Amino acid sequence: ADGFRTLDEIKEDGTINIGVFSDKNPFGYVDENGDYQGYDVYFANRLGEDLGVDINFVSTEAANRIEYLQTGKVDVILANFTVTPERAEEVDFALPYMNVALGVISPDSNVIDSLDNWNPDDQMIVISGTTAETYLTQNYPDIPLQKYDSYATAKNALENGNGVAWANDNTEVIAFAKQNEGYTVGIPSLGSADTIAPAVTKGNDTLLDWINEEIQTLGEENFFHADYEATLLDTYGADYEDELVVEGGVTSADAEADSEAESETVADETEAESETAAETEAVAETESETAA
Amino acid sequence: MNWEFIMKYLPLYEKAAVLTVRIGLMGVVIAIIVGLICAAIQYYKVPVLKHIVGIYIELSRNTPLLVQLFFIYYGLPKVGIRTQADVCGVIGLAFLGGSYMAEAFRSGLEAIEPIQAESAMSLGMNRYQMMRYVILPQAMSISVPAFMANVIFLLKETSVFSAISLMDLMFTAKDLIGLYYKTTESLFLLVVFYLIILLPISILGSILERRLRYAGFGA
Amino acid sequence: MPDLGLEVLLKGKNMMRLIGGLGIALKISLISVVVSIPLGILLGALMTWKNPITKAILRLYLEFIRIMPQMVLLFLVYFGSTRAFGWDLSGETASIIVFILWGTAEMSDLVRGALSSIPKHQYESSEALGLSKVQTYLYIIIPQTLRRLIPLSINLITRMIKTTSLILMIGVVEVLKVAQQIIEANRMASPNAAFGIYLAVFLLYFLACWPISMLAKYLEKRWK
Amino acid sequence: MAEELLKIEHLTKKFEDNMILDDVSLTVHRGEVIVVVGPSGCGKSTMLRCINALEPIQGGTIEIDGQQISQKSKNLTELRQKVGMVFQSYELFPHLTVLNNILLAPTKVQKREKEEVKKEAMELLDRVGLKEKADSFPRQLSGGQKQRVAIVRALCMHPEILLFDEVTAALDPEMVREVLDVMLQLAQQGKTMVIVTHEMQFARAIADRVIFLEGGKIVEDADPDTFFDHPQTERAKQFLNVFTFENVKHKTAEEN
Amino acid sequence: MAEELLKIEHLTKKFEDNMILDDVSLTVHRGEVIVVVGPSGCGKSTMLRCINALEPIQGGTIEIDGQQISQKSKNLTELRQKVGMVFQSYELFPHLTVLNNILLAPTKVQKREKEEVKKEAMELLDRVGLKEKADSFPRQLSGGQKQRVAIVRALCMHPEILLFDEVTAALDPEMVREVLDVMLQLAQQGKTMVIVTHEMQFARAIADRVIFLEGGKIVEDADPDTFFDHPQTERAKQFLNVFTFENVKHKTAEEN
Ligand SMILES: Nc1ncnc2c1ncn2[C@@H]1O[C@H](COP(=O)(O)OP(=O)(O)OP(=O)(O)O)[C@@H](O)[C@H]1O
Ligand SMILES: Nc1ncnc2c1ncn2[C@@H]1O[C@H](COP(=O)(O)OP(=O)(O)OP(=O)(O)O)[C@@H](O)[C@H]1O
Ligand SMILES: [Mg+2]
Ligand SMILES: [Mg+2]
């Protein structure tokens with residue numbers, strides 16, 4: 001095949017390779033016993049179970065994810081992968097299973113709540129290959145970025161004061177603020193409201209279709225709510241549950257517009273934004289100049 | 001191969017190359033100073049200090065630069081010692097390179113037969129004159145091959161700076177792969193730039209080495 | 001005294017995981033060295049061939065490998081070659097390939113050096129005793145070359161172990177990556193763990209490499 | 001006259017275009033001791049190396065025991081076994097013990113019984129005073145001891161003829177003596193030898209014939225008394241002069 | 001009798017617990033040539049090195065020109081300039097040309113005019129036959145040439161006394177002769193010298209007095225004729241025996 005394995009080939013082999021983060025608590029990380037844990041991993045485990053194969057977790061970095069799919073090093077990426085049009089040209093996204101936007105976190109001592117009038121001496125921490133990096137590079141080319149290639153190093157850099165703030169998925173920065181004292185999410189929502197979805201190698205339709213069906217089926221048992229309660233509740237509390245979770249591949253916007261689940265997931269996002277924003281205060285109104 | 005992409009991001013690589021060379025050379029220069037001091041301490045067998053130097057050399061030579069950098073950049077701030085990424089890079093390179101340079105200089109000094117010092121002394125030279133006119137000029141030229149090898153080694157090692165967010169060549173390539181998914185082009189530029197930086201030094205090194213080995217003094 | 005990561009280190013299987021990560025580094029270096037030695041000997045011998053084309057190709061290969069940073073080689077093989085040839089390469093396999101390529105280049109140079117350091121009169125006195133060419137190599141030259149080679153190849157192992165720290169960059173979960181995972185999993189409980197964990201990694205590498213380089217030094221002195 | 005053991009005829013040897021040995025002819029009979037002397041670079045070492053086919057030759061023939069030897073000889077290793085050679089520099093194999101240095105060639109080349117060779121080796125070592133060094137490594141020996149082992153190693157192959165190339169040049173006087181004494185012993189036992197040396201007193205004492213080589217040519221070939229007391233050529237006289245000194249001290253004493 | 005230039009009294013020297021020089025006393029007068037002989041390891045080199053304060057001493061005194069010299073002497077570098085020393089191995093500075101090897105100490109240590117020293121150096125080089133080698137580097141010279149340069153280098157410092165430690169031990173016979181001839185010249189010019197050598201004929205020719213050292217003690221101290229023809233001690237007789245050979249060839253000749 002063209003650098004990927006079809007559904008049948010995976011089943012035959014008995015093992016599926018799933019790329020996840022290993023240092024992004026609480027979405028994908030490794031506990032002290034060496035076991036993978038987190039929201040993404042919970043889902044991945046279920047995929048393996050329903051496929052009837054063993055799972056081989058592959059630890060990825062943000063910047064590697066596309067590369068891993070394109071060179072067939074993994075079958076699926078379940079590493080908090082935000083859906084963007086640029087990425088959709090390189091890989092195939094399945095139905096979404098989480099909502100996300102960008103957020104900026106900074107220490108209480110110097111809260112950054114706007115990106116305008118940026119002090120050129122200050123550096124913004126980002127992780128290489130994330131939507132935050134792409135967004136800031138395109139929309140705020142004058143902000144000096146300090147780039148790291150893993151979550152662990154980026155978080156360390158924030159703690160150590162190597163940059164004034166850290167821009168990333170808001171889910172991630174909110175979690176960080178909740179887990180660590182002394183940090184504030186000064187800008188809770190930046191750019192477009194996006195979704196997070198599994199991705200497969202471009203053209204791997206058999207696997208893509210199966211995952212889409214699976215997500216829809218799982219919606220019937222409210223699987224992702226259960227996932228949230230098992231992995232994210234400790235961090236976010238109950239308040240964020242409806243806001244973050246996308247059940248059955250249907251975003252709230254989709255539900256309202258009653259649109260088709262099989263359609264290109266990216267297409268409908270802009271319509272979704274007002275809806276999402278209205279529902280919460282934490283994920284605030286998104287700016288209108290979205291990347292899409 | 002997408003030449004448009006290559007031309008577009010060429011300037012980015014140029015900037016990164018400048019940073020690689022700048023930090024690399026700063027590291028090398030400090031490493032030379034550290035190396036000279038350590039070699040002198042070992043050569044003169046300064047009590048206490050020589051043991052400290054010995055421990056430093058073993059620690060530095062038997063651990064990877066990346067781990068040294070991680071410890072300095074991410075670990076030390078936890079006990080209140082903070083450094084900027086570029087400073088950290090230079091420190092790391094100097095910490096690593098210092099021991100390599102020390103070994104190069106020391107073996108240069110030790111390669112000189114004691115009879116050289118003795119004949120200098122029996123000609124009435126004092127310690128300073130002996131060092132200045134007899135020992136150092138010889139030790140330096142004996143150290144040249146090892147020294148050049150170390151310079152190349154240290155410049156190569158700068159490739160790990162990307163891990164502490166320094167925008168060096170390696171970092172730029174990684175970043176462009178992550179941003180635009182143009183793996184082939186990014187890696188092509190990376191190889192080309194490293195060749196541009198390292199090839200001349202390597203050639204210079206082998207010329208110097210050949211001169212010293214086959215011709216010696218008076219070539 | 002704030003917690004600097006010692007507790008975290010002792011929690012669960014954390015220590016064992018770090019050591020396991022080091023085990024992977026050791027495994028990769030050992031496999032690479034074991035393969036590199038015969039390949040290097042072969043290449044070192046090929047280098048003495050008169051054929052100018054073989055020579056030019058080998059030189060090009062050796063120079064390229066020795067000039068490129070190992071990290072670049074890792075990226076070239078792991079990402080570049082999978083793109084170019086469409087094969088599926090795990091990070092571990094890619095590292096072994098790179099280390100073998102690199103180790104072979106280094107080894108062939110060591111072999112060349114060791115062979116040329118055997119004085120000519122060793123060949124001659126062996127021949128004068130009536131030993132055939134094969135016997136001369138078998139009983140006189142190879143044993144002496146190996147003696148010079150063994151400490152140097154042991155040294156190569158430590159250099160490889162140190163270089164394995166880079167393979168986290170191509171997604172192999174080794175010591176540093178395990179360290180990051182531990183720090184991350186315990187960010188809440190022990191925010192300063194980075195110090196202790198990275199220090200532990202530093203010491204682990206030292207403990208792995210130091211005895212080996214001591215052994216190399218000892219053998220070198222003994223067999224001088 | 002005893003049988004002809006070594007017969008060199010019209011030997012020429014060049015390095016590139018330099019004529020190193022120029023039409024050299026020499027016959028050595030069984031039991032004879034030949035000493036070759038001459039200034040540095042005159043070709044003494046080269047001559048010995050040609051006899052052992054360590055160098056290719058450009059003209060002439062070399063016969064050992066009636067068989068021609070050259071680098072192309074089919075039975076080269078067999079012929080070489082008839083010639084024992086000891087070099088100037090300590091050419092023992094550093095990775096083998098003294099005993100294994102000696103045993104290597106007899107057991108591997110001549111395929112002799114290890115025990116038998118060992119017995120012989122120990123006897124020979126005993127005779128040169130090195131029995132207790134059998135299990136030492138070469139680096140644990142002094143220069144003189146190494147050379148005596150090298151001689152034993154050559155002897156143990158039962159060669160027909162022994163070649164010695166300045167075997168004492170790198171030694172202290174007392175060590176020189178140890179080694180020369182062994183060679184004197186061998187001469188007394190009637191071994192056939194060709195010896196290159198700069199020790200003139202020793203040469204005189206041991207030689208049946210002295211060959212004076214200069215510029216790649218044999219300039220004199222005489223019995224030792226004739227050569228040392230009445231050298232025939234001007235060159236030989238000059239050469240021998242190097243080894244004699246005229247007193248200078250009386251002059252200085254007068255000046256005082 | 002000429003003035004006392006070097007006066008060693010009750011010198012003792014140990015390496016750790018080994019007594020190397022044991023109560024050695026020796027007086028050298030201006031213009032005298034002393035040759036020191038003795039078996040290897042008897043302490044000859046060590047004695048010379050003590051005279052130049054290259055080794056710390058454990059007892060006794062060494063006086064040069066009336067001034068005591070030791071490693072603690074305040075004016076050590078000045079005293080060392082009165083002593084010229086030439087070693088066995090090539091101790092020329094390999095990174096300097098022959099001329100610069102010679103000029104270094106006179107210009108840097110004695111701060112003399114470069115031109116004046118250069119003129120003198122060229123004259124001396126001429127006298128040892130090496131004028132045209134002035135701009136060569138040491139590695140371009142033969143062993144004998146190197147040693148002659150080393151002698152010139154020492155001479156150019158105008159030392160009161162010259163020490164030679166087996167300066168020909170590593171040389172070929174003809175080179176040995178070149179160097180010894182230079183030393184004979186110096187003796188004729190009345191230079192004060194202490195010479196360690198294994199060349200017995202040369203020793204006899206050049207010495208005013210021969211010192212026989214054994215086990216760190218001076219065993220004999222006599223004029224050369226007495227020492228070589230009628231050694232007083234058993235040890236000296238044994239030592240001299242090393243240099244004489246009895247003919248063996250007649251025996252072999254008979255056997256033939
Ligand atoms: N491999 C070689 N290539 C070129 N020339 C050589 C080689 N070996 C020896 N020669 C030259 O051949 C000549 C004779 O050398 P040889 O070693 O036989 O002299 P020798 O009489 O043994 O001198 P010595 O007394 O110094 O040992 C010398 O001029 C030397 O330079
Ligand atoms: N640096 C040293 N440390 C310990 N022992 C030494 C040292 N230098 C010399 N010796 C010992 O001192 C003794 C005298 O040595 P020295 O070199 O003076 O002898 P020598 O008479 O010059 O011998 P040779 O004729 O071999 O040159 C020897 O037994 C030697 O082993
Ligand atoms: Mg010779
Ligand atoms: Mg001595």
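Predicted model only: the values in this text are computed from it and were never measured. Below, chain A is the first sequence line, B the second, and so on; all start at residue 1.
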- Task: Enumerate the residue pairs fulfilling salt bridge (charged side-chain N to carboxylate O under 4.0 Å, His left out) with a member in residues 51-70 of chain B, sequence neighbours excluded, ordered by first and then second residue.
- Result: E58(B)-K217(C)

- Task: Heavy-atom distances under 4.5 Å only: say whether A85(B) touches chain A with side chain, backbone, both or neither.
- Result: neither

- Query: Under a 4.5 Å heavy-atom cutoff, which of L176(B), I164(B), L179(B) has the most pairs with chain A?
  - Reply: L179(B)

Between chain B and chain A: donor-acceptor pairs at under 3.5 Å:
residue	atom	partner	partner atom	Å
Y73(B)	O	N160(A)	ND2	3.4
Y73(B)	OH	Y148(A)	OH	2.8
Y73(B)	OH	N162(A)	ND2	3.4
Y74(B)	O	N160(A)	ND2	3.4
K78(B)	NZ	E159(A)	OE1	2.4
R82(B)	NE	N160(A)	O	2.4
S165(B)	OG	Y148(A)	OH	3.4
K174(B)	NZ	D149(A)	OD2	2.6
D175(B)	OD1	S128(A)	OG	2.9
D175(B)	OD2	K147(A)	NZ	2.4
T183(B)	OG1	E67(A)	OE1	2.5
T183(B)	OG1	E67(A)	OE2	3.3

